[in-house]
Amino acid sequence: MKPKMIWANLAVADLERTHKFYTKLGFKPNNPHSSNELVSFFAGENEFIIHFFLKNIIERNLKTMKFGDPQTSNEIIFTLSAASKEQVDEWALEVKNAGGTIVSEPESFGENYYGFIFADPDGHKFNVFFM
């Protein structure tokens with residue numbers, strides 16, 4: 001398989017809250033694909049797409065699949081690459097100011113890694129690191 005594109009689909013409880021959070025972090029809205037059922041954002045230089053669907057909509061569309069509670073389990077953890085340690089620290093402040101939760105404060109780990117983990121308002125986890 002050689003997909004032309006890949007995107008992620010995550011379940012959320014509140015589209016407006018999700019839109020505000022990711023917009024505050026500087027994610028570029030994918031407006032043609034936003035609706036009353038989902039909000040969509042481009043992420044990164046290659047414009048990876050993340051769709052945030054209302055939970056009942058995505059579960060209905062997937063027929064037999066149910067999503068767990070991201071507050072107590074993980075379906076996936078995305079890693080966002082920073083350009084420097086200073087940028088890692090700046091992003092941690094941006095996440096806090098946008099209403100996210102810092103799960104693990106910025107710190108060094110391993111020999112060449114510096115980063116932190118945060119959760120969005122629905123509990124979806126992201127790992128941010130500089131390597």
Return the minimal non-hydrogen interatomic distance between [X] and [Y], and the atom names on each side.
{"X": "A43", "Y": "F27", "result": "CB-CE2, 3.7 Å"}
{"X": "D89", "Y": "P106", "result": "OD1-CB, 3.4 Å"}
{"X": "F21", "Y": "P121", "result": "CG-CD, 3.5 Å"}

Fill in: F130 six-ring face occupied by K85 cation (under 6.0 Å, within 45°)
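Verdict for F130: no cation-pi partner in K85.
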Practice prompt. List in chain and number order the residues that pass salt bridge (charged side-chain N to carboxylate O under 4.0 Å, His left out) with E107, two or more places apart in sequence or in another chain; answer none if no residue qualifies.
Written response: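 E107 satisfies salt bridge (charged side-chain N to carboxylate O under 4.0 Å, His left out) with no residue once adjacent residues are dropped.
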Discussion item. My understanding is that only residues two or more places apart in sequence, or in another chain, count here; which of them pass salt bridge (charged side-chain N to carboxylate O under 4.0 Å, His left out) with K28?
Written reply: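 So K28 forms a salt bridge (charged side-chain N to carboxylate O under 4.0 Å, His left out) with E47.
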Practice prompt. Indicate yes or no for a side-chain donor-acceptor contact from K125 to the backbone of P70 under 3.5 Å, with no hydrogens or angles considered.
Written response: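 Yes, K125 side chain to P70 backbone: donor-acceptor pair under 3.5 Å.
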Fill in: Check: E37 side chain, L54 main-chain N or O, donor-acceptor pair, under 3.5 Å
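No; zero donor-acceptor contacts below 3.5 Å.
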Item to complete: Mind telling me whether Y22 and F41 have parallel, tilted or perpendicular rings, with 30° and 60° as the class edges?
Response: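 Plane angle between 30° and 60°, so tilted.
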Discussion item. Below 30° counts as parallel, above 60° as perpendicular, anything between as tilted: where do the rings of F53 and H51 land?
Written reply: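 F53 and H51: perpendicular rings.
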Within the 4.5 Å heavy-atom criterion, are [X] and [Y] side-chain neighbours or not?
{"X": "I58", "Y": "F67", "answer": "yes"}
{"X": "F129", "Y": "T79", "answer": "yes"}
{"X": "F78", "Y": "L10", "answer": "yes"}

Worksheet item: Is there a chain of hydrophobic side chains (I, L, V, M, F, W, Y, each step under 4.5 Å between heavy atoms) that links V128 to M131?
Response: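 Looking at the clustering, M131 is in a separate group from V128.
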Validation: residues 90-99 side-chain donor-acceptor distances under 3.5 Å, sequence neighbours left out:
residue	atom	partner	partner atom	Å
N97	ND2	L93	O	3.3

For [X], check side-chain hydrogen bond (donor to acceptor under 3.5 Å, both in side chains) against everything at least two apart and list the hits.
{"X": "Q71", "value": "none"}
{"X": "K24", "value": "none"}
{"X": "R17", "value": "D122"}

Worksheet item: In this structure, are over 12 heavy atoms from other groups packed under 6.0 Å from Y113 atom OH?
Response: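 No, because the 6.0 Å sphere around OH of Y113 holds 12 heavy atoms or fewer from other groups.
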